[in-house]
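Worksheet: the structure to be examined is printed underneath.
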Amino acid sequence: MTEAPFIPFALPDVTALEVDAVVEVLRSGWITSGPRSKEFEAKFTAAVGASHGVVVNSCTAALHLALEALGVKAGDEVIVPTMTFAASAEVVRHLGATPVLVDVRASDHLVDVAAVERAVTPRTRVVMPVHFGGSAADMDEVAALARSRGLRVVADAAHAFPCAYRGRNVGTLADVSCFSFYATKTITTGEGGAAVTGDPEWADRMRLMSLHGISRDAWKRYTAEGTWYYEIEAPGFKYNLTDLAAALGLAQLSRAEAMWARRRAIAARYDAAFAGEAALELLRAPPDRVSAHHLYVLKLRPGALRVDRGAFLELLKQRGVGASVHFIPLHLHPYYRDTFGYRPESLPVAFDLYQRSLSLPFFSAMTDAQVERVIDAVQAIVREQRR
Ligand SMILES: *Cc1c(COP(=O)(O)O)cnc(C)c1O
């Protein structure tokens with residue numbers, strides 16, 4: 001149907017700055033965790049407004065470390081919205097605890113705080129809001145609930161750099177906030193993540209556990225200032241971020257504002273093109289928060305088209321547009337369904353959103369021509385399939 005090259009759902013925005021930064025590390029003789037990781041850790045932590053941070057090799061690792069540092073253990077419960085990625089709940093299982101899945105709000109796919117409140121039991125230890133698509137969850141309401149019930153809050157902020165909530169920076173909204181630098185995220189290190197917090201003891205625990213539970217600055221043991229001697233204080237994990245990745249991250253961080261501005265401009269163009277289309281619904285983030293604009297989600301209005309979401313995605317693909325879906329709610333997956341006895345209707349809002357939402361190609365390296373091709377493809381399919 002089209003001769004133009006395929007537009008992927010996401011592409012990393014990598015320039016000569018990133019290439020040179022990584023090459024410099026390769027030539028330096030020190031490629032794993034070291035000075036670049038420390039520098040990236042300090043700069044990223046400051047950029048999200050937090051006082052302490054630990055960079056690691058994924059957001060999944062950050063979430064695992066956060067829950068471990070907060071003392072989550074077998075028998076505990078952690079409340080997680082079902083509209084999220086595998087990582088949010090699997091780390092709860094890694095600690096032998098139970099993820100209790102709750103529903104989200106239809107307008108913005110953010111966790112429904114009333115549903116969180118209903119899910120609290122005497123075993124609940126942590127609430128894990130997800131800043132879906134780059135908009136912070138209702139963090140004041142979550143914090144108030146957590147305070148009244150003696151719970152901790154770990155934010156899955158994988159989508160949320162840079163963003164703000166009621167004038168506050170994203171790194172200050174939870175006990176621990178966890179970010180992703182995966183290839184498709186708003187800044188990337190290939191694979192990478194960070195956990196930030198206001199509490200120095202949690203930060204120390206996460207740092208310790210991120211590298212085998214070995215006493216502080218274990219990474220220095222092969223340097224001139226280092227020493228061969230180390231002590232294992234706890235059975236930790238292998239979650240450290242390499243300097244190769246951190247160099248990429250530093251370059252990305254220096255361009256984060258510009259990349260964000262580009263995504264904002266693309267979102268505005270998509271909004272203008274789709275807002276008047278009765279067959280489509282847009283995500284409506286609350287006005288008191290500034291989004292990182294990580295995803296651009298469209299929802300098909302029920303009954304408006306002759307095709308369902310799956311067929312719509314197929315038609316987009318035929319026109320060279322690689323859309324995706326965020327997310328297949330956790331409670332629909334065989335593991336969670338069968339282990340905890342969920343039915344699709346157990347969490348009806350997320351189930352409904354799943355069936356009719358799709359995420360358009362959306363990344364800062366997109367050209368204007370690509371944006372217009374995506375818009376043309378969506379509009380043509382809507383025209384052809386309107387009921
Ligand atoms: C990408 C993502 C993660 C996991 O990030 P990794 O860095 O790949 O571990 C966690 N939660 C959400 C909501 C994500 O989209």
Side-chain angles (χ1 to χ4, degrees), residues 9-12 37 40-41 44 48 53-68 78-94 99 101-102 104 108-111 126-137 139 153-161 163 170 173-174 176-196 206 210 237-242 245-246 248-249 252-253 263 283 285 291-297 324-333 336 350 353-354 357-359 362-363:
F9 163 69
L11 264 189
S37 318
F40 180 52
E41 187 168 272
F44 182 79
V48 294
V54 181
V55 291
V56 288
N57 58 16
S58 71
C59 179
T60 308
L63 290 164
H64 189 191
L65 291 170
L67 295 181
E68 199 278 340
V78 175
I79 300 175
V80 178
T82 187
M83 187 60 94
T84 187
F85 187 56
S88 319
E90 80 197 13
V91 296
V92 178
R93 297 303 288 149
H94 292 342
L101 303 178
V102 297
V104 295
D108 53 22
H109 304 206
L110 296 171
V111 72
V126 170
V127 183
M128 188 191 290
V130 174
H131 300 331
F132 183 94
S135 277
M139 297 308 281
V153 180
V154 172
D156 181 335
H159 299 177
F161 178 73
C163 91
V170 61
L173 304 173
V176 185
S177 299
C178 299
F179 297 85
S180 175
F181 312 129
Y182 179 66
T184 60
K185 298 289 162 58
T186 57
I187 67 169
T188 186
T189 61
E191 300 279 359
V196 307
M206 292 191 288
S210 72
F237 311 105
K238 184 63 166 66
Y239 283 163
N240 55 303
L241 187 74
T242 67
L248 186 46
Q252 292 266 290
L253 194 55
R263 291 193 307 278
L283 208 73
S291 178
H293 291 290
H294 169 54
L295 298 175
Y296 193 92
V297 173
S324 189
V325 174
H326 294 86
F327 290 93
I328 305 168
L330 293 180
H331 77 282
L332 302 181
H333 288 280
Y336 292 99
L353 293 173
Y354 162 64
S357 59
L358 57 102
S359 306
F362 188 59
F363 48 96

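All ligand and atom numbering here is 1-based and tracks the order in the structure.
With a 4.5 Å cut-off on side-chain heavy atoms, Q252 and T189 do not count as touching.
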Every pair of nitrogen or oxygen atoms between ligand 1 and the protein that is under 3.5 angstrom apart - can you list them with their distances to 0.1 Å?
residue: ligand 1; atom: 5 (O); partner: S180; partner atom: OG; Å: 3.2
residue: ligand 1; atom: 7 (O); partner: C59; partner atom: N; Å: 2.8
residue: ligand 1; atom: 7 (O); partner: S180; partner atom: OG; Å: 2.7
residue: ligand 1; atom: 9 (O); partner: C59; partner atom: N; Å: 3.2
residue: ligand 1; atom: 9 (O); partner: T60; partner atom: N; Å: 2.9
residue: ligand 1; atom: 9 (O); partner: T60; partner atom: OG1; Å: 2.5
residue: ligand 1; atom: 11 (N); partner: D156; partner atom: OD1; Å: 3.2
residue: ligand 1; atom: 11 (N); partner: D156; partner atom: OD2; Å: 2.7
residue: ligand 1; atom: 15 (O); partner: H159; partner atom: NE2; Å: 2.7
residue: ligand 1; atom: 15 (O); partner: K185; partner atom: NZ; Å: 3.2

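Taking S88 as the reference, T84, D156 meet the side-chain hydrogen bond (donor to acceptor under 3.5 Å, both in side chains) condition, with sequence neighbours excluded. With sequence neighbours left out, S177 forms a side-chain hydrogen bond (donor to acceptor under 3.5 Å, both in side chains) with no residue at all. Qualifying side-chain contact (heavy atoms from CB on, under 4.5 Å) partners for P81, counting only residues two or more places apart in sequence or in other chains: V104, V111, V130.
Taking NZ of K238 as the start and CG of N240 as the end, the distance is 3.5 Å to the nearest 0.5 Å. The distance from atom OG of S58 to atom OH of Y239, rounded to the nearest 0.5 Å, is 7.0 Å.
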